[in-house]
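Have a look at the structure below, then the notes.
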Amino acid sequence: MNHPRIAFKTVAAYAMLASTAAAFAHVTLPRGGATVGSDYDAAFRVGHACEGAKATTGLAVRLPKGFLLSDAQARKGWKLDVQKKNSGDGEVRWTAESPQAALPANERAEFVLRGKVPGTPGPLWFKVLQTCDVGSVDWAEVPASGTSTAGLKSPAARLDVVAQGVATVDVRDGWVRQSVPGQSGTGAFMKLTAPTGARLVGLSTPAAGVAAVHEMKMEGDTMKMRELPAGLDLPAGQTVELKPGGYHVMMMDLKQALTKGSTVPMTLRFEDAKGQKTSLDLNLPVGAPEGADAAAPAHQHKH
Ligand SMILES: [Cu+2]
């Protein structure tokens with residue numbers, strides 16, 4: 001399916017979005033999750049976050065219920081306080097003992113703790129208070145439904161507890177570009193990671209008559225998009241990004257204008273190498289999230 005005229009319009013709009021969206025250094029855990037009941041090293045990635053601050057001076061991780069802490073890694077020059085509870089919650093706190101030990105704004109670091117994850121699958125949310133020489137950020141927002149943190153200003157760090165032997169696909173930062181009345185199509189974007197490899201073979205949404213995965217390619221001097229007939233390959237452990245100007249979910253025959261702030265339900269269907277089929281229900285927010293272009297490597301460490 002070629003529709004170059006739409007492509008040109010959307011590309012222009014994307015370029016504008018990219019230049020206005022601010023990069024944001026969220027506190028995150030690595031993708032891929034943890035298997036039910038396993039011992040897990042939670043390595044929190046911390047970057048610069050506090051407005052106008054020069055360094056991060058403290059990090060306090062509130063442990064979610066069901067996560068049984070066994071250990072926390074000490075940091076040189078940092079005081080470690082561990083408040084352990086048998087019920088599984090509690091807190092681990094690192095505090096820089098001197099300005100020299102603090103984490104400079106232009107550096108990133110991992111803060112590691114270890115514990116046992118629950119025996120039932122589902123997301124675990126670790127709320128993290130990041131304290132700086134000036135101000136603090138509480139990474140404590142949890143989505144009202146689903147697991148997408150897109151649109152949240154200061155999301156908690158998410159850990160997916162996954163069932164053993166089930167091919168799961170991690171979906172992050174999903175969003176749908178808003179549309180105006182009369183507009184027939186728009187795009188949806190997200191980051192997909194399949195720990196053991198999979199293929200995105202289909203998708204559907206009640207918001208559009210047709211939804212398909214497209215790629216964008218220059219043909220001569222024309223940007224064209226076309227449907228990927230065999231679906232989108234998700235190599236094991238690699239994050240594949242659907243983003244403006246690249247792979248995207250093309251939504252055609254929109255049922256109505258998609259306004260910023262609303263959400264769009266979408267079902268993704270996957271198939272693994274053995275032919276096993278899984279599906280995933282998402283609720284994608286409409287509107288480019290703050291930091292929508294943060295995935296571009298050049299922007300990642302900037303404030
Ligand atoms: Cu398209």
Side-chain angles (χ1 to χ4, degrees), residues 1-21 148 150-151 169-194 198-235 238-271 279-289 291-296 299:
M1 188 178 354
N2 288 328
H3 34 90
R5 282 185 56 220
I6 294 173
F8 271 125
K9 267 191 252 169
T10 47
V11 167
Y14 295 152
M16 276 167 54
L17 281 175
S19 61
T20 53
S148 171
V169 179
D170 179 282
V171 180
R172 297 210 180 191
D173 304 339
W175 62 283
V176 175
R177 202 165 66 83
Q178 64 197 91
S179 69
V180 296
Q183 187 179 333
S184 66
T186 190
F189 313 97
M190 63 197 76
K191 294 170 191 163
L192 300 167
T193 313
R199 180 169 285 275
L200 174 60
V201 292
L203 40 95
S204 55
T205 168
V210 182
V213 183
H214 278 191
E215 66 173 347
M216 292 189 94
K217 257 192 180 159
M218 287 302 289
E219 273 178 29
D221 54 359
T222 312
M223 179 72 95
K224 285 199 171 171
M225 40 185 187
R226 76 180 181 102
E227 190 176 343
L228 292 172
L232 179 63
D233 188 34
L234 306 172
Q238 267 180 49
T239 299
V240 176
E241 192 175 0
L242 277 60
K243 61 182 177 189
Y247 293 126
H248 55 277
V249 172
M250 191 77 213
M251 297 169 61
M252 301 292 287
D253 303 330
L254 293 178
K255 305 290 185 209
Q256 59 182 71
L258 302 174
T259 52
K260 198 174 168 71
S262 60
T263 58
V264 171
M266 188 175 286
T267 301
L268 307 186
R269 288 188 301 281
F270 302 99
E271 204 175 304
S279 70
L280 198 60
D281 293 328
L282 305 173
N283 243 328
L284 301 176
V286 175
D293 66 333
H299 294 239

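Each ligand, and each atom within it, is numbered from 1 in the order the structure gives.
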> Please walk me through it: do Arg172 and Thr239 pass side chain to side chain contact (heavy atoms under 4.5 Å, CB included)?
Replying inline: CA-CA 10 Å; Arg172 297 210 180 191; Thr239 299; over 6 Å; no

> Step by step, would you call Val264 with Leu258 a side chain to side chain contact (heavy atoms under 4.5 Å, CB included)?
Replying inline: CA-CA 8 Å; Val264 171; Leu258 302 174; 4.0 Å; yes

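To the nearest 10 degrees, the angle centred on the Cu ion (ligand 1) between NE2 in His248 and SD in Met250 reads 100°. Seen from the Cu ion (ligand 1), atom SD on Met225 and atom ND1 on His214 lie at an angle near 120° (rounded to 10 degrees).
His248 and His214 have perpendicular rings, their planes meeting at more than 60° on a 0 to 90° scale where under 30° would count as parallel.
Among the backbone and side-chain atoms of Met216, none of the N, O or S atoms lies under 2.8 Å from the Cu ion (ligand 1).
For the atom pair NZ of Lys224 and NZ of Lys217, the computed distance is 12.5 Å after rounding to the nearest 0.5 Å.
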